[in-house]
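Worksheet: one structure, shown below.
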Amino acid sequence: MQKKIMLSAFALVALTACGGSSTSSIIRRDLQWENPFAGTANETVTLSVWAGSTTESMGFANAVLEDFKKANPDSNYEIKLKAVSESSVNGDWANDPKQAADFAICADDQMPQLIASNYLQKIKVLDAEIPGLSAAIESRNDADSVEASKSKGDLYGFPVSSSNGYVLYYNSDLLKESDCASFETLLAAIKAAGEKDGKKYTFGFPHASGWYLDGYFHGAGFTATGEADGDTITANWHTQNEAGLKGVDVAASLVRLAHGQYKDQWLSEKEATLVSRAAKGVSGRVIATINGTWNYKALQKAWGESACSATLLPKFTVSAGQEFRMHTVKGSKIGVLNRSSQHVKEAARFAEFFTNYSSQVMRFDNLGETPSNKESLKICDLNTNACLKAMAEQRVVGGFVEKVNPAFWNPANALSTNLCAGNAGKEHSFITSGEGTAELVLNMEEIQAALDACNAGFTKGN
């Protein structure tokens with residue numbers, strides 16, 4: 001029987017459900033599709049693939065499947081494509097491990113729990129049957145994406161892109177890039193713009209998110225780390241770092257921004273809410289926000305393509321002579337293999353194609369994600385995308401690969417809400433007097449207590 005690749009009906013149904021099954025609108029370049037680890041199978045190999053959930057990501061995946069078929073006409077693969085968000089892979093996997101994908105694309109923050117649950121295939125184990133695979137992955141991708149794909153030195157995935165992170169977005173019809181140098185200058189400019197237009201404008205800082213809070217503390221030299229298979233976090237947020245800076249002073253600077261003289265211009269909500277509040281006509285309209293790279297298109301829609309600009313994260317002042325720039329997480333998307341797959345070797349061959357040089361170029365053109373492949377990056381002009389350009393610049397001046405396990409999130413998320421959005425309920429009162437003025441006086445003991453409570457959660461694995 002002639003060997004072939006089949007795009008299953010399941011894949012087509014999934015695409016239709018997302019709004020379309022055609023790949024005719026996919027942008028293509030004249031690229032040479034290489035598959036150095038290609039192989040054939042003696043029988044039909046059925047692979048389940050999760051490659052995102054949006055209409056765009058499903059359309060892109062469908063196009064890559066077609067290219068895989070053309071590049072490997074003798075391979076006997078049946079690919080079943082299912083819509084699963086990169087940000088929910090761990091949850092979907094845990095819900096029914098027996099039905100999990102053979103190959104999935106996930107955000108790197110999903111990796112620790114996937115590894116801890118022993119779901120993922122170590123890539124080096126496959127080197128015996130696919131010689132040179134792990135070395136090829138490491139050599140062609142940037143160091144940060146490779147590091148995000150590892151745990152304890154072992155490689156667990158195929159880097160896909162290197163643009164998961166956050167930048168400062170601003171409405172350039174109302175603000176200038178120079179306004180964005182620091183939180184203080186930005187808030188002052190937002191207040192002035194509102195007074196000029198007779199409207200209330202705001203800046204949006206995401207709360208309930210240790211992911212963003214980590215960037216704030218990291219900017220001042222504080223860290224929080226934990227091995228993927230561990231159940232605790234080691235952090236110095238609640239104490240003093242090697243430079244002699246106290247974490248309580250950094251935390252206080254965030255409370256001061258939220259409740260000082262620009263209190264009315266500061267809005268702390270979840271990132272999706274902040275994006276929705278950027279729409280024209282919304283009371284207290286958000287005209288600048290720190291937000292994820294994936295929300296660029298939504299903000300373009302809210303502000304207009306020409307007005308949606310992006311730049312470096314702002315600087316913040318801790319005390320006289322102590323100014324720091326907020327850092328971004330150097331996040332990646334990563335392709336992972338199911339160690340329980342009946343066809344893990346074949347899944348690895350497909351993963352190699354799905355994440356190769358040509359695929360990453362096409363991913364940049366169609367999904368607006370920065371390649372992790374160093375050669376792909378050379379022909380992708382990030383200047384054509386304000387968000388990716390700002391993200392690339394931010395990663396250079398202030399970025400870090402976040403390495404934490406699930407024990408980080410609940411304590412960090414709770415602390416984020418307390419510091420960014422106000423007092424911690426009845427248990428803490430961070431403000432002594434002067435709320436809404438430049439003479440704001442803070443209760444440093446209560447802020448320290450909140451930091452200590454967060455650290456207790458880290459060490460107990462809560």
Side-chain angles (χ1 to χ4, degrees), residues 87-88 90-91 94 107-117 148 151 165-166 205-241 245-259 268-273 290 292 316 318 326-329 331 400-431 442-462:
S87 63
S88 66
N90 175 63
D108 67 282
D109 65 356
Q110 300 289 291
M111 295 286 286
Q113 188 60 58
L114 290 168
I115 293 170
S117 300
S151 176
Y166 37 88
F205 191 98
H207 75 196
S209 173
W211 198 59
Y212 291 96
L213 186 63
D214 202 359
Y216 195 86
F217 273 97
H218 213 102
F222 288 83
T223 58
T225 60
E227 289 292 346
D229 58 355
D231 57 6
T232 61
I233 294 293
T234 299
N236 60 354
W237 293 2
H238 65 301
T239 182
Q240 185 171 293
N241 67 11
L245 186 65
K246 293 181 179 180
V248 68
D249 293 325
V250 176
S253 71
L254 189 52
V255 178
R256 195 173 294 113
L257 288 170
H259 291 277
S268 292
E269 296 283 356
K270 291 186 176 181
E271 64 172 42
T273 302
I290 290 173
F316 58 92
V318 174
M326 185 176 173
H327 284 194
T328 189
V329 173
F400 62 103
V401 178
E402 190 174 56
K403 303 287 282 189
V404 296
N405 59 48
F408 174 77
W409 298 109
N410 285 343
N413 292 350
L415 179 64
S416 169
T417 298
N418 292 342
L419 298 179
C420 301
N423 296 341
K426 296 179 180 179
E427 297 179 3
H428 298 290
S429 179
F430 296 158
I431 301 169
L442 300 179
N443 186 330
M444 301 298 284
E445 291 183 359
E446 291 295 336
I447 297 175
Q448 182 65 58
L451 291 173
D452 291 340
C454 177
N455 189 64
F458 287 160
T459 55
K460 292 178 182 178
N462 293 333

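The model shown is predicted, which means the values in this text are computed figures rather than measured ones.
Looking only at distances, no side-chain donor or acceptor of Asn410 sits under 3.5 Å from a matching main-chain atom of Gly457. Remark: side-chain polar atoms of Thr232 are not paired, donor with acceptor, to backbone N or O of Thr459 under 3.5 angstrom. Judged by distance alone, the side chain of Ser268 and the main-chain N or O of Cys420 form a donor-acceptor pair under 3.5 Å.
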**Report entry** Residue pair Ile431, Leu442: steps toward the side-chain contact (heavy atoms from CB on, under 4.5 Å) verdict
**Finding:** CA-CA 5 Å; Ile431 301 169; Leu442 300 179; 4.1 Å; yes
Query - Pair Phe217-Asn236, side-chain contact (heavy atoms from CB on, under 4.5 Å): steps then yes or no - result: CA-CA 10 Å; Phe217 273 97; Asn236 60 354; over 6 Å; no
Report task. Decide side-chain contact (heavy atoms from CB on, under 4.5 Å) for Trp237 and Leu415; before the verdict, give the C-alpha distance in whole Å, the side-chain angles of both, and the deciding distance to 0.1 Å. Result -> CA-CA 11 Å; Trp237 293 2; Leu415 179 64; 3.8 Å; yes
Report task. Carefully, step by step, assess Met326 and Phe205 under the rule side-chain contact (heavy atoms from CB on, under 4.5 Å). Result -> CA-CA 12 Å; Met326 185 176 173; Phe205 191 98; 4.1 Å; yes
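Judged by distance alone, the side chains of Tyr212 and Glu271 do bring a donor and an acceptor atom under 3.5 Å apart. The closest side-chain donor-acceptor pair between Gln448 and Asp452 falls under 3.5 angstrom. With 3.5 Å as the limit, one finds no donor-acceptor pair spanning the side chains of Ser416 and Tyr216.
By the ring pair (Phe, Tyr, Trp, His ring centres under 6.0 Å) test, His327 pairs with His218, sequence neighbours left out. In this structure, the side-chain contact (heavy atoms from CB on, under 4.5 Å) partners of Ser151, at least two apart in sequence or on a different chain, are Ile115, Tyr156, Glu227, Ala228. Residues meeting the ring pair (Phe, Tyr, Trp, His ring centres under 6.0 Å) test with Phe222, sequence neighbours left out: none.
Taken to the nearest 0.5 Å, the OG1 atom of Thr239 stands 9.0 Å off from the CG atom of Asn455. In this structure, CD on Glu446 lies 11.5 Å from CG on Leu451, to the nearest 0.5 angstrom. Going from atom CZ of Phe430 over to atom NE2 of His259 covers 8.5 Å, rounded to the nearest 0.5 Å.
Closest of all the heavy-atom pairs between Ala258 and Leu419 is CB-O, 4.2 Å. The two residues Gly91 and Gln110 make their nearest non-hydrogen contact at N-OE1, 4.4 Å. Of all heavy-atom pairs between Val318 and Ser253, the closest is CA-CB, 4.1 Å. Between Val250 and Ala220 the shortest heavy-atom distance is CG2-CB, 3.8 Å. Smallest separation of non-hydrogen atoms from Asn443 and Ser429: CB-O, 3.4 Å. Between Val404 and Thr225 the shortest heavy-atom distance is CG1-CA, 4.3 Å.
For Lys246, the NZ atom counts as loosely surrounded, since its 6.0 Å shell holds 12 or fewer non-hydrogen atoms of other residues, nucleotides or ligands.
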